[in-house]
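Data first, discussion second: the structure below is written as C-alpha cells.
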Amino acid sequence: MKQSLNEKMNKSPLAGLGAVVMAAGLGKRMKSKLAKVLHSVAGRPMVLYAVDLARQLASEHVAVVVGYQGKEVRTAIEASGSHAPVMVVEQTQQLGTGHAVQQARDLFKRLGKTLSTYLILNGDTPLLQPATLQALLRLHQDEQAAVTLLTATPDDPTGYGRVVRGRDGRVQKIVEDRDATGAEKQIHEINVGTYVTDGPFLFDALDKLQPRNAQGEYYLTDIVALAVERGLRVSALAVHEAAEGMGINTREQLAAAEQTIRRRICAHWMQEGVTLRNPATTSIDADVAIGRDTVIHPDVTLEGRTIIGEDCIIRSQTRISDSTLGHRVVVQDHCVIRDSRLEDDAAVGPFAHLRPGAVLRRASKVGNFVEMKKAELGEGSKANHLSYLGDATIGKGVNIGAGTITCNYDGHKKHETVIGDDVFVGSDTQFVAPVTIGKGAVIAAGATITADVPPDTLAIARAPQVNRPGWASRRRALAAESGKSEVRGSRLEVGSVESRMKQPRTSHPVPRTPKGVKTRKRTRG
Ligand code: UD1
Ligand code: CA
C-alpha cells in the first residue's frame, strides 16, 4: 500500500524540513501605513496564513523574516494562539526576497541539525491550501529536485514573475514582470512564490545572487536559473485553481482574497451542519467556531474568536465579536455583542448592545435598547427594555424594570451595583452606585436608590405625589379668558396662567415657608 502523506511527513527526509516565511516588505502597492502582511483577511493578519501552513508542515522549524513593522508582525504571530513556536529574524533593509531568505540561515544553523529540505513561502499568499503544499513536497521528493516551484495560470498575469520554459517544457528561469521582454510578458504561467528547495543548494545559491535587475534587488527567483545552470533538476507544480496562487499586492487583490476565504469559511460551516440563510451576506472570521443546527440569518457578522453553540438562532444585522454563546441562544436582529459570554438558553435583542464583560447566565433575557458593560445578569433574570447596566452583578430571578439605569460613574471613578436574587426593580429606577440591594427586595418604580436596601425590603425613593382637584378646569377657564384679550390663537404659556391662579386645595398639605426665611416677593406685571 502507498504510504500516506502523514506517515511520510513524520519520517525523514521531511522530518528534516525547515520553512521560511518572508514577511519583511512594506507592500508599497497597498498605499498603507500598515505593513501589507498585517492587513487582515477574514479577521486574521495575512501573514498568519503562511505561518500556519509552515507550522503544519515543518512544526518548530519555521523562520519568519520580518522587517517593516517587525515588532507588530512578531506580536501578531505570538498572539495567534498556536502552540508551535516560530523563530523570528529581522531583515533590517528589504533588499529583496533572496536577501530575506538569507537572513534565516543563522537561525537554522543554531538549531544544531542540518535540515535537508526547505519550504519557502511569501507572506502575502493567503489562499494557499495545505493539500497543495503537501503535493508540492511530494513532487519535490519524487523527482529529487533541487528546486520545486508552484505555478498558476491566471487570466491576468500582470505583476507576477513569469515561468520561462524551454522547448522540452522544463522550467528554465523566472523573469520578473519588470524585467520581462515583450515576448516573456505574453507568458501566462506565473510563479506563485512558493518553493521547496534542497537545503545545501539553497544557501549556496543565495550567496551567488546578484542584484542585476530593474529593482536592484536580490531575487530569490534567480535560484531557479542557477539550478538549471548547474544541471540540477527544477520541477514545477501547477495549482488547480489560479486563485489559490494569488499574491496580495493591492487593495483590490485584498478584497478578492477576502471574498474567496469567506466563501470557503461559509462552505466549511455548512458542511459542519450550520444553516446559513444567505451565505453571500454572512461574514464569518477564520477563528470563529459554530455548533450544529445553529441558524444564521442574512447580514450577520461573526468576528474574532467567537464561539457559538448548537441550536442557536442569530437574526439579521447582528455583529458578534470575540464572544462565547452556549446552546439554544437566540440573538434577535440588530444586536452588537463584544467580548461577552452568553450561557445556554439566553436571549438577546432586538437592538441590544452587549459591551465587553457582559455575562448572561442561563436562560436570562436582555431585550430592546438595553446596554450592558462589565455586568452579569443571573440565571433566569430579565432586563427587557431600555436600560443601562454597567459594573453590576445581578442575581437569579431578578426583574429589571424598563428604563433602569446603573449610575456607575461619578465623574472620576466607576462604582458597582450589586442586586441579590429575586429582586424586583420597578421601572425608571436609578441605582447610584456603589449600592447593594438585598435578596428579595422590591424597588418601587421611579426610584433613585442612593443607599443599600436590606433583603425583603420595599424601597420607595421618589417625591410624594401632589393632587390638586379642579386645577385643570380652572386653568382651561383662565386660558379661554386670556385667549380673548391677549394674542388670539397663540400657544398658551402654562406658567403665566398658573401664576394667576389661586392656590387650590391639595390632597397633601402645601409646605409653608418656615418663619425667618425670606422669600422673593412676587412682582405683579
Ligand atoms: C514575488 C516574486 C514573483 C512572484 C510573486 C508572487 C520575487 C523576486 N518575485 O514578487 O516572481 O510572481 O512574488 O506573488 O521573489 N519580502 C521580504 N523582504 C524583501 C522583499 C520582500 O520579506 O526584501 C517579502 C514580502 O513581505 C512579501 C514577499 O516577500 O511577503 C513577496 O514580496 P513582494 O514584494 O510582494 O514580491 P512580488 O513583487 O509580488
Ligand atoms: Ca507579492
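Just follow the structure's listing: the first ligand is 1, and inside any ligand the first atom is 1.
Classification of the Phe351-His334 ring pair by plane angle, with boundaries at 30° and 60°, yields parallel.
The shortest N or O to N or O distance between Gly193 and ligand 1 is not below 3.5 Å. Close N/O approach between Gly161 and ligand 1 is found [any backbone or side-chain N/O within under 3.5 Å]. Taking only nitrogen or oxygen atoms, main chain and side chain alike, Val37 does not reach within less than 3.5 Å of ligand 1. Distances between N or O atoms of Ala24 and those of ligand 1 include at least one value under 3.5 Å. For ligand 1, the polar-atom distance check against Tyr160 finds no nitrogen or oxygen pair separated by under 3.5 Å.
Counting only N and O atoms by type, the side chains of Asn408 and Lys374 include no donor and acceptor under 3.5 Å apart. Between the side chains of Arg178 and Gln215, at least one donor N or O lies within less than 3.5 Å of an accepting N or O. Between the side chains of Ser283 and Arg262, at least one donor-acceptor pair of N or O atoms lies under 3.5 Å. In the model, Asp410 has a side-chain atom that pairs as donor or acceptor with a side-chain atom of His415 under 3.5 Å.
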Assess whether side chain to side chain contact (heavy atoms under 4.5 Å, CB included) is satisfied between Ile313 and His297, documenting all intermediate values.
CA-CA 8 Å; Ile313 299 171; His297 287 258; 4.0 Å; yes

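Of the possible donor and acceptor atoms, none in the side chain of Arg277 sits under 3.5 Å from a partner among the backbone N and O of Val295. Remark: side-chain polar atoms of Glu244 are not paired, donor with acceptor, to backbone N or O of His240 under 3.5 angstrom. At distances below 3.5 Å, at least one donor-acceptor pair connects side-chain atoms of Glu258 with backbone N or O atoms of Ala42. In this structure, Thr282 contributes its side chain and Asp299 its backbone to no donor-acceptor pair below 3.5 Å.
Near Lys36, the atoms of ligand 1 lying under 4.0 angstrom from a non-hydrogen atom of the residue are 35 (O). Atoms of ligand 1 found under 4.0 Å from any heavy atom of Asn249 (numbered from 1 in listed order, with element): 35 (O), 39 (O). Applying the 4.0 Å criterion to heavy atoms of Tyr219 picks out, from ligand 1, the atoms 8 (C).
Each protein N, O or S atom less than 3.0 Å from the Ca ion (ligand 2) was counted, giving 2.
Nearest non-hydrogen protein atom to atom 16 (N) of ligand 1 is Gly25 N, 4.0 Å. Given atom 12 (O) of ligand 1, the protein heavy atom at minimum distance is Asn191 O, 2.6 Å. Looking only at protein heavy atoms, the nearest one to atom 29 (O) of ligand 1 is Met22 CB, 3.5 Å.
Relative to atom 32 (O) of ligand 1, the option among Thr97, Ile120, Ile174 with the closest non-hydrogen atom is Thr97. Taking each of Gln91, Glu176, Glu217 in turn, the one with a heavy atom nearest to atom 17 (C) of ligand 1 proves to be Gln91. When the options Ala100, Gly96, Gly247, Gly245 are ranked by their closest heavy atom to atom 20 (C) of ligand 1, first place goes to Gly96. Nearest to atom 28 (C) of ligand 1 by heavy atom, out of Val192, Asn122, Leu26, is Asn122.
Atom 36 (O) of ligand 1 is never approached by the protein to below 4.0 angstrom, counting heavy atoms only.
Residue Leu95 places a heavy atom under 4.0 Å from ligand 1. For Arg29, the closest heavy-atom approach to ligand 1 falls below 4.0 Å. Using a 4.0 Å cutoff on heavy atoms, Gln93 does not count as a contact of ligand 1.
Ion pair Arg138/Asp142 not flagged as a salt bridge, since none of the NZ, NE, NH1 or NH2 atoms sits closer than 4.0 Å to an Asp/Glu carboxylate oxygen. Note on Arg44 versus Asp52: salt bridge recorded, some NZ/NE/NH1/NH2 to OD/OE distance being below 4.0 Å. Arg105 and Asp207 are joined by a salt bridge, as a carboxylate oxygen and a charged side-chain nitrogen come within less than 4.0 angstrom of each other. Salt-bridge formation is not detected for the pair Glu343/Arg362: no Lys NZ or Arg NE/NH1/NH2 atom is positioned less than 4.0 Å from an Asp or Glu carboxylate oxygen.
Outside the 6.0 Å centre-distance limit, the rings of Tyr195 and Tyr118 are not counted as a close aromatic pair.
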